[in-house]
Amino acid sequence: MQFRQFFQVIAQPAPAVRAVEASPTPLVEVVVAESFRRADPSLPVATRLHELPHNLGVLTERGGRIGVPDADRAVLAIMEQDAKSAFTLWLNRSDDLSVVLAAERLARQEGFVISGRMEVTADLLRTLYDPSAVPAVATAGAGQGRAGVEAAFTYRGEKDEIFDEIVVRALELGASDIHLSVPRDEATQVAYRVNGDMTLSRQFSPAMGVGLVNAMYTFADARAKSATQYDANSFQTARITREVTVEKVMRRVSLRYSGSPVFPGESSKIVLRVIPHAQRDGSRPYIPLPELGYSAAHQREIARWLTGATGLIMMAGSTGSGKSRTLQTMIGLLHEKYAGRRNIMTIEDPPEYAMPAGVHQVTVPSGNTFGDALREVMRQDPDVIMVGEVRDEETAQLLQRALNTGHKCLSTVHASSACAAIDRLIDLGFERAVLSMPGNISGVVYQRLVQVLCPACRVPMAESADATPALVARLELVAAGRSLTDVFFRNHADRCPSCRNGIVGRTVAAEMVSQPDLEMLEWISAGDRTSAAMHWRSGGTPGVASTMGVAGVTALDHAIEKMLAGTVSPVDVEDMRQLGSEVSRSDAASWIAKHRLGGRR
């Protein structure tokens with residue numbers, strides 16, 4: 001039934017209803033109620049959200065414009081159609097008609113015209129409200145009546161409790177994300193991403209699964225969600241904040257909600273990024289670089305970048321590669337260095353980690369962009385500006401302006417290598433002339449996260465089924481004569497008391513473009529991306545001290561060193577890139593030499 005036809009049908013009230021609207025006398029109202037003792041079989045019926053007419057939200061929700069008793073929400077909802085009209089959803093039970101009439105009177109007192117009624121199921125009503133506010137409707141028969149419905153309100157929402165259980169388990173596991181697959185007619189599956197791996201945790205019935213994600217979306221901050229209600233057929237975003245008890249300690253956590261429609265219709269995939277709130281209780285405000293997995297050479301270069309008052313520091317990588325965590329550490333180091341003598345401001349949407357006290361974290365308000373926030377921050381006399389991500393031309397150009405006016409700037413970008421990150425900035429709107437000016441680029445880091453083997457149960461290469469002859473041959477190639485004695489593989493038996501599936505965490509594998517030398521800046525200025533990358537891979541200009549130790553050392557090279565030390569498995573290293581597949585440093589040097597001889601410079 002089309003929207004217009006729907007309201008043409010139900011907007012024509014029965015004569016008795018007109019009498020209620022026309023007459024103020026209680027007698028008429030009693031007569032009307034008597035005439036509706038039985039359910040109205042002519043009402044259209046909706047069992048799913050998408051079957052409802054377009055609306056602007058629930059007027060009878062807690063704190064809404066139409067205040068109804070909690071128990072009444074178990075049997076009805078009044079939906080705002082536009083500024084002057086509304087329609088009623090109810091269970092179409094004759095025993096509940098007086099409740100419906102009372103709610104509609106309240107709606108008219110608020111200036112709404114009731115355009116019609118629609119029958120809905122109890123499950124659909126629950127999805128429209130916070131499940132902690134709507135009890136299960138009594139099903140034992142009419143004899144239970146309103147008393148049974150009111151008594152049900154003493155029970156805390158089941159979905160509320162289940163959601164908390166899911167969040168607590170995520171914190172216990174150290175999960176980075178919670179995944180919910182919500183097919184239309186099959187079981188809802190809940191999985192956690194722990195140390196990069198997906199682990200299926202539990203399942204729910206189709207009805208419970210849909211109700212659960214509806215409840216989750218209801219819990220979201222009203223100012224930070226893209227729609228008023230959950231809709232399986234739309235892309236939706238939101239931010240949810242919960243307080244849960246983990247090992248007798250109250251923990252506050254933010255969940256970044258992303259929902260996508262999937263095949264078949266009315267099915268969805270929900271991903272919640274888990275962002276625990278830091279406890280500002282005097283504990284360490286950031287993770288030191290060595291614990292993240294950075295080498296001594298990496299640490300030395302980062303310390304040099306943080307010394308100057310100006311310059312651009314960029315973190316590059318894919319989603320979930322730990323870019324924000326490393327930025328948090330850099331900001332923490334800057335804060336310690338200046339000890340409050342500099343105004344350090346960050347712009348994040350949303351903030352993923354709490355920064356040290358004294359660092360001002362600016363959130364991007366709903367409806368605004370990074371660019372809007374950056375304009376305001378520039379008016380607040382900042383010394384150091386950290387922007388969560390360069391994601392569009394506006395942000396890139398404003399960050400470039402901040403760099404040109406003498407600020408130290410830090411940010412992240414999605415890119416596949418350190419050199420590619422520079423190209424990506426140019427694509428987003430940075431000018432080549434700015435990036436190729438000596439001193440403007442302090443450094444660029446590209447990083448990946450690689451799983452760390454459990455030292456208690458890791459498997460020697462000679463005993464692992466993963467050590468195929470082809471893989472061993474590649475190991476010997478990249479080892480270049482070094483011993484493979486300390487190469488270990490993952491234990492898949494899952495019987496070690498010290499770990500989970502042979503893994504105890506993740507470590508950084510990183511590469512750096514550190515203060516590019518003049519030759520690399522010339523290649524950047526000329527727009528020759530290949531030559532710039534080859535120059536970096538070759539090790540840079542011979543004899544230039546600033547390139548020593550990190551120039552030409554790729555993230556794969558860094559991971560191989562950890563593999564040869566027994567920290568990570570060759571299988572996990574090859575998840576980054578196949579061993580031996582990169583251009584060698586000597587081949588890169590030969591390539592650059594030929595280009596020089598060919599008169600390219």
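The model shown is predicted, which means the values in this text are computed figures rather than measured ones.
Between the side chain of Q189 and the backbone N or O of L180 there is no donor-acceptor pair closer than 3.5 Å. At least one donor-acceptor pair under 3.5 Å links the side chain of K225 to the backbone N or O of Y217. A donor-acceptor pair under 3.5 Å is absent between the side-chain atoms of D96 and the main chain of V75, judged by distance alone. D221 places no side-chain N or O within donor-acceptor distance of the main-chain N or O of R239, the cut-off being under 3.5 Å. In terms of modelled atom types and a separation under 3.5 Å, the side chain of T369 and the main chain of D372 share a donor-acceptor contact. A donor-acceptor pair is defined here as one N or O able to donate and one able to accept, closer than 3.5 Å; no such pair exists between the side chain of D383 and the backbone of R342. H407 places a side-chain N or O within donor-acceptor distance of the main-chain N or O of A402, the cut-off being under 3.5 Å. No donor-acceptor pair under 3.5 Å is formed between the side chain of T60 and the backbone N or O of I66. Although no hydrogens or angles enter the test, the distance criterion places no donor-acceptor pair under 3.5 Å between the side chain of T245 and the main chain of M250.
Considering only heavy atoms from C-beta on, E348 stays 4.5 Å or farther from T363 through its side chain. E243 places none of its side-chain heavy atoms less than 4.5 Å from the side chain of V253. With a 4.5 Å cut-off on side-chain heavy atoms, T405 and M378 count as touching. The closest side-chain heavy-atom distance from K84 to F112 is not below 4.5 Å. V246 places a side-chain heavy atom less than 4.5 Å from the side chain of E172. Looking at heavy atoms from C-beta onward, V113 lies out of side-chain contact with R108 at the 4.5 angstrom threshold. A 4.5 Å side-chain heavy-atom check between Q203 and M208 finds every atom pair outside the cut-off. The closest side-chain heavy-atom distance from V364 to F370 is below 4.5 Å.
The two residues R251 and P276 have their closest heavy-atom pair at NH2-CB, 3.7 Å. Minimum heavy-atom separation, Q236 to D231: OE1-N, 2.9 Å. In terms of heavy atoms, M198 sits closest to A191 at CE-CB, 4.0 Å. Between F204 and I166, the shortest heavy-atom contact is CE1-CD1, 4.2 Å. Summarising the geometry of M345 relative to P382, their closest heavy-atom pair is SD-CB, 4.3 Å, with the distance given to 0.1 Å. Smallest separation of non-hydrogen atoms from S411 and L399: CB-CD2, 4.0 Å.
Going from atom OG of S176 over to atom CG of D197 covers 10.0 Å, rounded to the nearest 0.5 Å. Note that CD1 of I78 is 4.5 Å distant from OG1 of T88, once rounded to the nearest 0.5 Å. In this structure, CG on L89 lies 10.5 Å from CG on L43, to the nearest 0.5 angstrom. Atom CG of L374 is separated from atom CZ of R379 by 10.5 Å, given to the nearest 0.5 angstrom. In this structure, CG in L59 is found 5.0 Å from CD in E80, a value given to the nearest 0.5 Å. Separating the CZ atom in F263 from the CZ atom in R184 is a distance of 8.0 Å, to the nearest 0.5 Å.
A salt bridge is defined here as a Lys NZ or Arg NE, NH1 or NH2 lying under 4.0 Å from an Asp or Glu carboxylate O, and E165 with R202 meets this definition. The pair E389-K323 does not meet the salt-bridge criterion, since no charged nitrogen lies less than 4.0 angstrom from a carboxylate oxygen. A salt bridge links D177 and R273; the closest N-O separation between the charged side-chain nitrogens and carboxylate oxygens is under 4.0 Å.
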Side chain to side chain contact (heavy atoms under 4.5 Å, CB included) between F163 and L212, worked out: CA-CA 7 Å; F163 185 38; L212 179 62; 4.2 Å; yes

Steps toward salt bridge (charged side-chain N to carboxylate O under 4.0 Å, His left out) verdict (R73, E61): CA-CA 8 Å; R73 296 190 184 95; E61 65 184 353; over 6 Å; no

Stepwise side chain to side chain contact (heavy atoms under 4.5 Å, CB included) check, R506 with V194: CA-CA 10 Å; R506 291 191 290 176; V194 182; over 6 Å; no

Chi angles and distances behind the salt bridge (charged side-chain N to carboxylate O under 4.0 Å, His left out) call for E110, R105: CA-CA 9 Å; E110 289 293 324; R105 279 199 305 274; over 6 Å; no

W90/L97 under side chain to side chain contact (heavy atoms under 4.5 Å, CB included): CA gap, chis, key distance, verdict: CA-CA 9 Å; W90 70 306; L97 182 59; 4.1 Å; yes

Residues I178, V271; criterion side chain to side chain contact (heavy atoms under 4.5 Å, CB included); working and verdict: CA-CA 6 Å; I178 304 169; V271 179; over 6 Å; no

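Taking V210 as the reference, V182, N214 meet the side-chain contact (heavy atoms from CB on, under 4.5 Å) condition, with sequence neighbours excluded.
Between the side chains of S268 and Y230, at least one donor N or O sits under 3.5 Å from an acceptor N or O. Using a 3.5 Å distance cut-off with no hydrogens or angles, the side chains of R169 and S201 do not pair a donor with an acceptor. When only modelled atom types and interatomic distance are considered, Q380 and E376 share no side-chain donor-acceptor pair under 3.5 Å.
R242 forms a cation-pi arrangement with F219, by the criterion of a distance under 6.0 Å to the ring centre and an angle within 45° of the ring axis.
Heavy-atom contacts from other residues, nucleotides or ligands closer than 6.0 Å to CZ of R401 number 12 or fewer. Counting non-hydrogen atoms of neighbouring residues, nucleotides and ligands closer than 6.0 angstrom, the CD atom of E186 reaches no more than 12 such neighbours.
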